Protein chains: 2
Amino acid sequence: MENITHNTENRILEAARDVFHRKGFNGARMQEIANLANINKSLLHYYFRNKELLFEKVFNDTFSQLASKMGGIFMSEMTLISKIETFVELYLIFISEHSYVMQFIINALQDRPERLRDIITNQNINPELLLEKIHKQLKNEMGIDMDPLQLYVNLLALVIFPVVAKPLLQSIFSLSDERMAVFYEERKKIVPVFIENALKGYEKDKKLG
Amino acid sequence: MENITHNTENRILEAARDVFHRKGFNGARMQEIANLANINKSLLHYYFRNKELLFEKVFNDTFSQLASKMGGIFMSEMTLISKIETFVELYLIFISEHSYVMQFIINALQDRPERLRDIITNQNINPELLLEKIHKQLKNEMGIDMDPLQLYVNLLALVIFPVVAKPLLQSIFSLSDERMAVFYEERKKIVPVFIENALKGYEKDKKLG
DNA sequence: AAATGGTTTAACCAAACGGTCAAATGTACT
DNA sequence: AGTACATTTGACCGTTTGGTTAAACCATTT
């Protein structure tokens, strides 16, 4: 008897996602995944052959989910400023709730960069189109001729880094969990303003130059 | 006969640093470290007891080296703007050359945040003092009353993230190594301007508000 | 109820791993 | 040369780990 697209398989995937996200490929144990899913270890191999393939499945699922969230906002029809504000708001919430996800992706790609090659084309996301759209909006809405990649990376950096580096920042500056929560909450306001100001300054420079 | 502070011990530490930086604690193999150092595996245990202690030594050394580089600039006597420019310039070079280091630190702290507790006090770096200094300079030199932590984290984010996320960015946007090198080179100019503009805008808001 | 085929389990395996140990080698001092 | 001590080595050990296998279980079909 099968529940929604096979119950056992899903239980395994959920457990695997949890363990892989927290401990990475090398830190994860097949036995731990089996325990978490409340099944016999052999079932992992029955459904996914081996650790590498199970990891690959988790990685692909995770990345796709993340990518669609990332691309979606910027492919919509809003002003660039609104997109930035929405992006910061939504992303900061999402990443705080899934603080492991981003680092999981980065580490997996550090180990083997070719992991992405295959799935990016399969995805309905078009990074070049995204940059093109940002480029046009920068020009049309703000009169700025700037490399859109630089802007987009700045945006990602300001949102993602503070979450990924949380333990580092918290240790160095002796910040309590409460102080840290306030810090993130503040960023929802600060980051968009920071970027908008930077762009306005750039715009002024351009007009002067 | 002993060279500069014991030759064998240093060879081990260099090899261990290399392997741990690239593969992390779980991915590293004692045998691989021994091979790289051209010594018998037992010597690792003779000098450092076990894997955990060897890792700890590498982590502490790496962090101290990094921290002194980080703190140094901002404790010096320059204008805030100059500090930011110097920081971006120096850090972007350093991190590009040691792209694994930052992620190594972040991952090690993700696994066990308490690693830093001990060594931060031993270091002659004072994070609170650093923030205080930035805070004063923001006020005195630019008339801005801003949380210095937010500014400092923004700076770190803009410099560190693009390097840590290199494989991610390179895959997503199909960037060649050459394009990537140009991208980083561009950032040496773009990031300081980006931050300065953002601050100027903030300054203006303050005066209006 | 017997047969069929997918699912689950326990027992097991070989390789890899961190770590130990006793012997060997080198070095400095008497 | 001989002793004492630190250094280095190879052989070995117990455990953990990813993976296999054969048997048991279970639902559906005939």
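Just so we're on the same page: letters track the sequence lines, and every chain starts at 1. None of the values given here were measured: they were computed from a predicted structure.
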Original post:
Nearest-Å distance, CG (N50(A)) to C1' (dT20(D))?
Top reply: 13 Å

Subject >> dG10(D) base / N40(B) side chain donor-acceptor hit below 3.5 Å >> reply: yes

**OP:** Using atom OH of Y47(A) as one end and atom P of dG19(D) as the other, report the distance to the nearest whole Å.
**Re:** 18 Å

Subject >> Nucleotide dC17(C), atom P - distance to CD1 of I33(B) in whole Å >> reply: 12 Å

Subject >> Rounded distance in Å - CD1 (I39(A)) to P (dT7(C)) >> reply: 13 Å

Subject >> Salt-bridge present (E32(A), K51(A); N to O < 4.0 Å) >> reply: no

**OP:** Check the distance between dT7(D)'s P and L44(B)'s CG and give it to me in whole angstrom.
**Re:** 15 Å

Subject >> Whole-Å gap separating P (dG18(C)) and CD (Q31(B)) >> reply: 9 Å

Original post:
Hey, is the side chain of T8(B) pairing donor to acceptor with the base of dT8(D) inside 3.5 Å?
Top reply: no

Original post:
Do the charged groups of K83(B) and E141(B) touch, with an N to O distance under 4.0 Å?
Top reply: no

Original post:
Of the nucleotides dG19(D), dG10(D), dT9(C), which has the atom closest to the M30(A) side chain?
Top reply: dG19(D)

Subject >> Y46(A) side-chain N/O to dT9(C) phosphate OP1/OP2 under 4.0 Å >> reply: no

Original post:
Quick one: does S68(A)'s side chain have a donor or acceptor within less than 3.5 Å of a partner on Q65(A)'s backbone?
Top reply: yes

Original post:
Under the 3.5 Å rule, do the base of dG19(C) and the side chain of K51(B) count as making a donor-acceptor pair?
Top reply: no

Original post:
Given atom CG of N35(B) and atom P of dT9(D), what is their separation to the nearest angstrom?
Top reply: 12 Å

Original post:
Considering only side-chain heavy atoms of L43(B), which listed nucleotide, dA6(D), dT7(C), dT9(D), is closest?
Top reply: dT9(D)

Subject >> Minimum-distance nucleotide (side-chain atoms of H45(B) versus dG19(D), dG10(D), dG18(C)) >> reply: dG18(C)

Subject >> Side chain S42(B) and base dG19(C) donor-acceptor under 3.5 Å >> reply: no

Original post:
Taking the inter-plane angle between the rings of F104(A) and F59(A) on a 0 to 90° scale, is it parallel (under 30°), tilted (30 to 60°) or perpendicular (over 60°)?
Top reply: tilted

Original post:
Using a cut-off of 4.0 Å on non-hydrogen atoms, how would the nucleic acid contact of A28(A) be classed: base, sugar-phosphate, or nothing?
Top reply: sugar-phosphate

**OP:** Say whether, by atom type as modelled, one donor and one acceptor occur between the side chain of Q150(B) and the main chain of F183(A) under 3.5 angstrom.
**Re:** yes

Original post:
Under 4.0 Å between a side-chain N/O of R29(B) and OP1 or OP2 of dG18(C), yes or no?
Top reply: yes

**OP:** Please report, rounded to the nearest Å, how far the P atom of dT9(C) is from the CG atom of N38(A).
**Re:** 9 Å

